[in-house]
Asks: 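What follows is a structure written as structure tokens; I'll ask about it next.
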Amino acid sequence: MSQAQIIDGQAFAEALRGRIGEEVSGLIRDHGLKPGLAVVLVGEDPGSQIYVNSKGVATEAAGMLSVTHRLPDSTTQEALLALVAELNADPAIHGILVQFPVPAHIDPLVIQAAIHPDKDVDGLNTINAGRLATGQAGLVPCTPLGCMMLLEDALGSLRGRHAVVIGRSNLVGKPIAQLLLRADCTVTIAHSRTQELPAVARLGDILVAAVGRAEMVRGDWIKPGAAVIDVGMNRIPSRRPKAAAAGKTIVVGDVAYDEAAEVAGWITPVPRGVGPMTVACLLQNTVTAARRLNGLAV
Ligand code: NAP
């Protein structure tokens, strides 16, 4: 039986998008400023096509300018860099996102580095990673930003709590650890070489799983009453044998939800947990970038 309070990321993200829409109306009305997001997709990856479409729809729904550049698989790195340079110089564009993965002949690090740091709404270039690590204002990766909003909404102040983050990717694990540190948590970062991982995880008043392994975190890895943030999105065969035989799949997190919900104090489900926050925070970052680029307070 579930005891944990469910952190409804879907509802939170919808409310956040509503607030962003109101903020955008105010920026247009008071400053003639319409935040603009450019998304660049190279190639035909079906998953990326879905993400890019949904980002465009969400951007327009918030009243912002949405521009999507769809480039063929054969696009050279030079051509992509030329487009990024054009977008860097375009005053109507405040956020630039190049959808990853890019084709193998393009170096993602070169592309990330070419995006103007103040338009880097993915928060992935080294200038923004450095700003985050040194406590300066910058743009923060969207998924970690969303996780922090959910945690602070559920718990209030995070000060002094022990946060354990499983995963150390540049996209999720490292930036969320930095944000938790900034919020005065004591932070432990665990990874694939961590010994006694269940015991380490059990130290966490806050446990963030960003691993990419379906249901790896079991109920007995969780400190009773902890807040569990499950970033994982893993596609596995349906649990119903007939559906599985027909090739049907489901998405699960990195946490074994039913077990974990019996022990945790708060928990994000998958889906409807962290996932919807990522697009909402992309919109938030675009508004933040538009304000800063126009000398307005954030
Ligand atoms: P990633 O780059 O593959 O990083 C995974 C991390 O997990 C690595 O640091 C790795 O350790 C660690 N790890 C792997 N196996 C482990 C194990 N057995 N024990 C302990 N640690 C282990 O993945 P990512 O990009 O951070 O994404 C993580 C998950 O979040 C994925 O499921 C992804 O789909 C999901 N995700 C969701 C959203 C969203 O919007 N909800 C956004 C981004 C990502 P090493 O460094 O030692 O290899």
Side-chain angles (χ1 to χ4, degrees), residues 6-14 16-17 39 45-48 50-55 58 97-102 108-109 112 121-124 129 132 139-151 163-180 187-204 207-218 220-222 228-236 249-257 260 267-285:
I6 296 168
I7 299 176
D8 186 342
Q10 180 80 33
F12 192 98
E14 274 166 25
L16 176 60
R17 283 163 56 164
V39 177
D45 180 69
S48 295
I50 294 169
Y51 285 136
V52 166
N53 287 342
S54 69
K55 284 169 186 170
L97 183 150
V98 176
Q99 183 70 43
F100 293 119
V102 284
L109 289 178
Q112 269 166 21
V121 282
D122 249 349
L124 288 176
L132 179 59
L139 290 163
V140 174
C142 303
T143 304
L145 186 60
C147 293
M148 291 301 289
M149 287 182 189
L150 294 180
L151 272 173
V164 176
V165 179
I166 313 180
R168 56 174 164 179
S169 70
N170 292 333
L171 181 64
V172 189
K174 279 183 201 150
I176 199 164
Q178 293 286 0
L179 288 167
L180 288 161
V187 182
T188 299
I189 306 176
H191 46 77
S192 68
R193 301 288 180 267
T194 298
Q195 294 181 10
E196 311 288 350
L197 183 56
V200 172
R202 261 192 307 274
L203 295 172
L207 179 62
V208 180
V211 185
R213 288 181 178 259
E215 301 175 328
M216 184 186 83
V217 175
R218 311 307 310 187
D220 63 1
W221 294 30
I222 291 164
V228 177
I229 301 290
D230 188 354
V231 183
M233 285 198 327
N234 310 288
R235 197 161 277 286
I236 62 167
T249 58
I250 55 170
V251 173
V252 298
D254 290 339
V255 177
Y257 181 85
I267 189 165
T268 58
V270 177
R272 298 181 68 87
V274 172
M277 291 300 290
T278 300
V279 173
C281 287
L282 175 65
L283 305 181
Q284 174 77 73
N285 273 351

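For reference, positions follow the sequence shown, starting with 1. Counting starts at 1 for both ligands and their atoms, following the listed order.
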Asks: Output yes when a side-chain donor or acceptor of D8 lies under 3.5 Å from a complementary backbone atom of Q10, and no otherwise.
Replies: yes

Asks: State whether the side chain of R168 and the backbone N or O of I189 hold a donor-acceptor pair below 3.5 Å, judged by distance alone.
Replies: no

Asks: Any idea which residues sit under 4.0 Å from ligand 1, heavy-atom distances?
Replies: T143, I166, G167, R168, S169, L171, V172, H191, S192, L197, A210, V211, G212, R213, M216, V231, G232, M233, N234, V274, G275, T278

Asks: What residues, two or more places apart in sequence or in another chain, satisfy side-chain hydrogen bond (donor to acceptor under 3.5 Å, both in side chains) together with N234?
Replies: D254

Asks: Does CZ belonging to F100 count more than 12 external heavy atoms closer than 6.0 Å?
Replies: yes

Asks: Taking side-chain hydrogen bond (donor to acceptor under 3.5 Å, both in side chains) as the test, write out the residues that go with E215, two or more places apart.
Replies: R239

Asks: Among all residues two or more places apart in sequence or in another chain, which pass the side-chain hydrogen bond (donor to acceptor under 3.5 Å, both in side chains) test with Q112?
Replies: none

